[in-house]
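See structure below.
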Amino acid sequence: MMKANHTQSATVMFILLGFSDYPDLQVLLFLVFLAIYMVTVLGNLGMIVIIRCNSKLHTPMYFFLSHLSFIDFCYSTVITPKFLEILVVKDRSISFMGCIMQFSFAVTCVVIEMFMLAFMAYDRFVAICNPLLYTVTMSQKLCTLLVTISYSWGLISCVVFTYSLLILSFCGINIINNILCEYSAILSASFSDKHLTEVILFSLSNFNTFCTLTIILTSYLFIFVTVMKMPSTSGRHKAFSTCASHLTAVTIFFGTILCLYCVPSSKSSWLIIRVSTVFCSVVIPMLNTLIYSLRNKDVKEIFMKLMNIKLFSH
């Protein structure tokens, strides 16, 4: 089997079409997504540095946010450079192992981000519904445990998904009408019996989505009930404002994923699928850092202080 897999990986190729059917837009798309990638890298790494270097932000919420920024940086870096490459070169091929590795890293980041957003919702639930016990409940030990669970389950999901693809057989050159190597595209290129692999995809994907959405929806249900019981309007506004950034990020992330997998795989929907994939894998990692920086008073204040210090030193 190992010999067969080695031979297969050496002979099988995938072609990422990307937006090759719009040749006049290739340069423009390259410049736009290069700018997005630069903002993503600088924004997420900057967020991590600001959180780690300022003791005021050493709280559970910002602890989770620093890891979310790290995952967004990794996710974008796995996808965007190859996407930029296929926009400007004629050779849009990617090797079998290159395709599998890109998928593996991408699915790891997606699963980790799903659970990270879920645990951030739980953090907001504790902060609003049990404020007096917040420090005790959201201890450093629990936060570390939740982050460890996110990373561990992301790696486990990656191993399961990747193994389910590696047991299949492929041959020749295969076309992927997208910007990246995603599960269904790789699966459709195989000539093996796909029943087991499809069951694994359906079961694990739905399990991850169900678990994370259950945590998020339950947390926000309790938050909504608690906030509506508050007597003062200013108290309700303050409580909702602490959740605004996270709720916006959750809505965009899960909304895009659910829309992406609800779109039927037909020729008429290829453009919608590609645009949704670009938005999910390239744009959202940039939006998250903008949402949390522009809507977050603490981050904005610290950023302005750092800018003032830098200007004063010059």
Side-chain angles (χ1 to χ4, degrees), residues 44 47-48 50-72 109-154 157 207-255 257 284 287-302:
N44 284 292
M47 182 72 74
I48 294 171
I50 288 175
I51 293 172
R52 295 300 172 90
C53 294
N54 195 287
S55 58
K56 184 181 179 181
L57 301 183
H58 291 176
T59 63
M61 182 179 72
Y62 291 106
F63 176 72
F64 289 123
L65 180 55
S66 65
H67 285 279
L68 181 67
S69 296
F70 173 70
I71 293 302
D72 281 334
C109 293
V110 170
V111 174
I112 293 174
E113 182 153 344
M114 291 172 71
F115 280 88
M116 200 70 68
L117 289 171
F119 293 143
M120 290 173 75
Y122 175 73
D123 171 74
R124 293 297 84 205
F125 156 73
V126 176
I128 293 174
C129 299
N130 297 290
L132 298 178
L133 298 176
Y134 178 70
T135 305
V136 177
T137 304
M138 297 303 297
S139 62
Q140 183 63 40
K141 184 177 180 180
L142 177 61
C143 293
T144 303
L145 176 62
L146 294 178
V147 168
T148 303
I149 291 173
S150 299
Y151 282 93
S152 300
W153 187 248
S157 298
F207 174 80
N208 290 336
T209 305
F210 175 78
C211 286
T212 51
L213 282 179
T214 299
I215 296 172
I216 291 169
L217 294 176
T218 304
S219 297
Y220 274 104
L221 176 62
F222 281 105
I223 289 172
F224 180 77
V225 172
T226 302
V227 171
M228 294 309 295
K229 291 180 179 179
M230 292 179 178
S232 66
T233 305
S234 60
R236 287 197 295 268
H237 181 268
K238 183 178 179 181
F240 277 128
S241 65
T242 62
C243 301
S245 298
H246 178 260
L247 192 56
T248 303
V250 165
T251 303
I252 293 173
F253 181 78
F254 281 94
I257 287 181
I284 286 181
L287 288 180
N288 282 344
T289 187
L290 293 178
I291 290 169
Y292 279 102
S293 59
L294 296 177
R295 294 186 62 90
N296 194 297
K297 183 180 178 181
D298 293 332
V299 174
K300 284 192 291 186
E301 286 180 355
I302 292 170

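Quick note: numbers below take in every heavy atom, side chains included, and nothing from hydrogens, waters or symmetry partners. Residue numbers count from 1 along this sequence. Being a predicted model, the structure only gives us computed values, none of them experimental.
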Report the distance from atom CD1 of I215 to atom CE of M120, rounding to the nearest 0.5 Å.
-> 13.5 Å
Worked verdict on Y62 versus I50 for side-chain contact (heavy atoms from CB on, under 4.5 Å) | CA-CA 10 Å; Y62 291 106; I50 288 175; over 6 Å; no
Should the ring pair H67 and F63 be called parallel, tilted or perpendicular, given that the plane angle runs from 0 to 90° and is split at 30 and 60?
-> perpendicular
Test item: H246 and Y220 side chains (from C-beta on) under 4.5 Å apart, heavy atoms | yes
Residue pair L68 / L117, side-chain heavy-atom distance below 4.5 Å = yes
Are side-chain heavy atoms of R124 and L247 found at a separation under 4.5 Å?
-> no
What distance do I51 atom CD1 and H58 atom NE2 have between them, rounded to the nearest 0.5 Å?
-> 8.5 Å
After noting the C-alpha distance and the side-chain angles of L65 and L57, does the key distance pass the side-chain contact (heavy atoms from CB on, under 4.5 Å) rule?
-> CA-CA 10 Å; L65 180 55; L57 301 183; over 6 Å; no
Specify the closest pair of heavy atoms between E113 and I71, including all atoms of both residues, with the distance to one decimal.
-> OE1-CG2, 3.9 Å
F253 side chain reached by L287 side chain, heavy atoms, under 4.5 Å | no
Between CD1 of I149 and CG of L145, what distance do you get to the nearest 0.5 Å?
-> 4.0 Å
dist M114:CE -> S157:OG (nearest 0.5 Å) comes out at 9.0 Å
Identify the two heavy atoms, one from I128 and one from C243, that lie closest to each other, and give their separation to 0.1 Å.
-> CD1-SG, 3.2 Å
Does atom CZ of F222 have more than 12 heavy-atom neighbours, drawn from other residues, nucleotides or ligands, at distances under 6.0 Å?
-> no
Flag the pair T218 / F125 as yes when at least one side-chain heavy-atom distance between them is below 4.5 Å, and no otherwise.
-> no
For residues F70 and N44, determine if any side-chain heavy atom of one lies less than 4.5 Å from a side-chain heavy atom of the other.
-> no
Decide yes or no for I291 and I252: does some side-chain heavy atom of the first lie under 4.5 Å from some side-chain heavy atom of the second?
-> yes
Can you measure from CD (Q140) to OG1 (T135) and round to the nearest 0.5 angstrom?
-> 12.0 Å
Verify side-chain contact (heavy atoms from CB on, under 4.5 Å) between T248 and Y292, making sure each step is shown before the conclusion.
-> CA-CA 9 Å; T248 303; Y292 279 102; over 6 Å; no
Report the residue from S219, P60, S150 that forms a side-chain contact (heavy atoms from CB on, under 4.5 Å) with F119.
-> S150
So with a 6.0 Å cut-off around CZ of F254, is the heavy-atom count from everything else above 12?
-> yes
One should read off an interatomic distance between L221 CG and T226 OG1, to the nearest 0.5 angstrom, of 9.0 Å
side-chain contact (heavy atoms from CB on, under 4.5 Å) between F207 and W153, worked out | CA-CA 12 Å; F207 174 80; W153 187 248; 3.6 Å; yes
Validation row: L146, F115 side chains within 4.5 angstrom (heavy atoms) = no
